[in-house]
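The block underneath contains the structure these notes are about, expressed in structure tokens.
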Protein chains: 2
Amino acid sequence: MGRRSDHTREELRALLISRGHALMAEQGLAKFSGREVAKRAGYSVGTIYNVFGSLDGLIATINSHTFSLWADHLHKRLDAAGEDRIKALVEGYFDFALEHPNLWSAIYEHRLAEGEELPEREQGQRAALTAIVEQEVRAALSDPDMPGAARFARSLIATVHGHCSYVVSGTFALLDEPDPVGSALARVRESIAAQRVELAVTSSFN
Amino acid sequence: MGRRSDHTREELRALLISRGHALMAEQGLAKFSGREVAKRAGYSVGTIYNVFGSLDGLIATINSHTFSLWADHLHKRLDAAGEDRIKALVEGYFDFALEHPNLWSAIYEHRLAEGEELPEREQGQRAALTAIVEQEVRAALSDPDMPGAARFARSLIATVHGHCSYVVSGTFALLDEPDPVGSALARVRESIAAQRVELAVTSSFN
DNA sequence: TTAAAAAATTAGACAGCGTTCAGTTTTATG
DNA sequence: CATAAAACTGAACGCTGTCTAATTTTTTAA
């Protein structure tokens, strides 16, 4: 078969991402198959290479889309949050991962081939999540312009990420941790409190 | 060919682990191949299934072996450490991962098939690492019998792990973090300090 | 209106993978 | 010495990602 007009280029792109996303959610990266995605979309394998350049390209796009869903989830959680926005953030981080463990894990299991880079559009999708956290952390710091606030926020993301990845991978279950979210939140609070104190001490010398 | 006597069962087991470990270090889990391991050992694929039951079994064994090397590495670092043992621990955690990124990543990328469990021997190899950290954290807490010290230690491992996995996967690089080890160490210190304060406060009421 | 060029899509080939299993050879048992 | 058990191979199966030649459709240009 040759050229078809069932879908525009954009529609076809969206279709493949959608089907691919569904397959990733069902099976995880290890059992993900480009051929299966194509079959579900009603196209042949080659089309993936035509649209995304490579299978890695499709997977990266699927993962970037997961980032977007994750950011949406955090926004909703924050909109519904009361005073304790940091808690909402940490809980939102965790429950997205636990609701979609395969999608979430795929983000971290997939590596781009050396030399490859994400298209700008996708870098933006991924950076959005960091931006949300940075904003909230700044607010919690009382001095939103604290030097190094961005780095500090990323470090807190890493802290929560570590706890979350232990939960999703089952490591924490094995270690019989009753409340991983609570632990992560406790660590985050301790670090934020430490920054506040440091700030207070610094200020008192001015 | 039928039965051979080139190696005893134990030798054969060790040989396959050794070759498999080397391949894992070179190529990472994504490109790991049981056939290639067998070829390098001078046996056919089937032998892996004969010795380890499944390819997953071999991979799990390789990963457990990595845990042992990692624990050895930490012990060496601690033996050479001065007063600041927590720093030695955090740095030891990171530089093992950075020296052997493929081996280290494989640990967290590999999931046992549902229903499968690690043999006791391997569970022990993995638990050893946690035990080292727990001991050092207890020492740093001044009250080694603090309730929840074990959970707290594991939470600190998760904290460091999060930072480390961002470095190894390149996520932090994307975000231009100049000193991930320093960040991780700072977070750990903050949390340990917080426990000390809490302890002091609690004690003052007795 | 039509001829030529470009784009989209497929089918098939290729080499590799994990897994299984019948068959063969060696070792151990009685 | 005969038989049973264990170890090992080789080939088959169905799957994978990747690439390319061929085909069809759409677009462009004359």
Side-chain angles (χ1 to χ4, degrees), chain A residues 1-17 19-20 22-24 26-63 102 106 109-116, chain B residues 1-17 19-20 22-24 26-63 102 106 109-116:
Chain A
M1 206 195 305
R3 196 163 183 157
R4 288 158 45 176
S5 49
D6 308 10
H7 304 96
T8 67
R9 193 67 174 187
E10 272 314 302
E11 283 170 348
L12 179 51
R13 200 185 134 84
L15 178 67
L16 289 170
I17 295 172
R19 298 289 191 266
L23 180 62
M24 189 69 85
E26 287 170 28
Q27 309 272 16
L29 181 59
K31 295 184 185 167
F32 185 87
S33 149
R35 294 180 117 102
E36 177 65 21
V37 173
K39 195 202 287 182
R40 291 187 182 197
Y43 281 77
S44 74
V45 217
T47 298
I48 288 175
Y49 288 81
N50 190 18
V51 176
F52 294 95
S54 66
L55 190 69
D56 264 22
L58 171 58
I59 294 173
T61 306
I62 289 170
N63 285 343
N102 285 334
E109 283 165 20
H110 183 247
R111 305 246 183 294
L112 282 166
E114 214 152 351
E116 300 284 318
Chain B
M1 205 198 303
R3 193 165 187 155
R4 288 157 48 175
S5 49
D6 306 10
H7 305 96
T8 67
R9 193 67 174 186
E10 273 314 301
E11 282 171 347
L12 178 52
R13 200 186 133 85
L15 178 67
L16 289 170
I17 295 173
R19 298 290 190 264
L23 180 62
M24 188 69 85
E26 287 170 28
Q27 308 271 16
L29 181 60
K31 294 183 186 168
F32 185 87
S33 149
R35 294 178 118 101
E36 178 65 22
V37 173
K39 195 202 287 184
R40 291 186 182 196
Y43 282 77
S44 74
V45 217
T47 297
I48 288 176
Y49 289 80
N50 190 19
V51 176
F52 294 95
S54 66
L55 190 68
D56 264 24
L58 170 58
I59 294 172
T61 305
I62 289 170
N63 285 343
N102 285 334
E109 284 166 18
H110 183 247
R111 305 246 183 295
L112 282 164
E114 215 153 351
E116 299 283 319

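Chain letters run A, B, ... following the sequence lines, proteins first, then strands; residues in each count from 1. Just so you know, these numbers come straight off a predicted model, no measurement behind them.
Proximity of a side-chain donor or acceptor of R19(B) to a complementary backbone N or O of R40(B) within less than 3.5 Å is detected.
The shortest heavy-atom contact between I17(A) and I62(A) is O-CG1, 4.2 Å. In terms of heavy-atom proximity, L55(A) sits nearest to F32(A) at CD1-CE2, 4.4 Å. Considering all non-hydrogen atoms of both residues, E26(A) and N102(A) come closest at O-ND2, 3.4 Å. Minimum interatomic distance between L16(A) and A41(A) (heavy atoms only, all atoms of both residues): CD2-CB, 3.7 Å. Of all non-hydrogen atoms in E11(B) and D6(B), the two that sit nearest each other are OE1-O, 4.0 Å.
Each end of the helix from dT1(C)-dA30(D) to dG30(C)-dC1(D) gets its own axis from five base pairs, and the two axes differ in direction by 0°, given to 10 degrees.
Taking atom OH of residue Y49(B) and atom P of nucleotide dT19(C), one finds them 3 Å apart after rounding to whole Å. The interatomic distance linking K31(A) (NZ) with dT19(C) (P) rounds to 11 Å, in whole Å. Counting to the nearest Å, the P atom of dA8(C) and the CG atom of L16(A) are 13 Å from each other. For the pair E36(A) CD and dT16(D) P, the interatomic distance rounds to 7 Å; values are reported in whole Å. Taking atom CG of L29(A) as the reference point, atom P of dG17(D) lies 11 Å away to the nearest angstrom. Spacing between atom CD1 of I48(B) and atom P of dT20(C) amounts to 13 Å, rounded to whole angstrom units. Counting to the nearest Å, the P atom of dC15(D) and the NZ atom of K39(A) are 8 Å from each other. What separates CG of L23(A) from C1' of dT16(D) is a distance of 13 Å, to the nearest Å.
Which of dT10(C), dC8(D), dT19(C) sits closest to the side chain of Y43(B) comes down to dC8(D). Here the nucleotide nearest the side chain of N50(A), chosen from dT20(C), dA8(C), dA7(D), is dA8(C). Nearest nucleotide to the R35(B) side chain, out of dT20(C), dC17(C), dT10(C): dC17(C).
Taking side-chain N and O atoms only, R9(A) has a distance below 4.0 Å to OP1 or OP2 of dA8(C). An OP1 or OP2 oxygen of dC17(C) is reached within less than 4.0 angstrom by a side-chain nitrogen or oxygen of S33(B). Remark: T47(A) is not in phosphate contact with dA8(C), judged by side-chain N or O atoms under 4.0 Å from OP1 or OP2.
Contacts of G46(B) with the nucleic acid, taken as non-hydrogen atoms under 4.0 Å apart, include base atoms. Residue-level contact check: L12(B) touches the backbone only, with heavy atoms under 4.0 Å from sugar-phosphate atoms and none from bases.
To the nearest 0.5 angstrom, E36(A) atom CD is 6.0 Å from L23(A) atom CG.
Residues G34(A) and D6(B) each lie close to DNA chain D; by heavy-atom proximity, the contact nearer the 5' end of the strand is made by D6(B).
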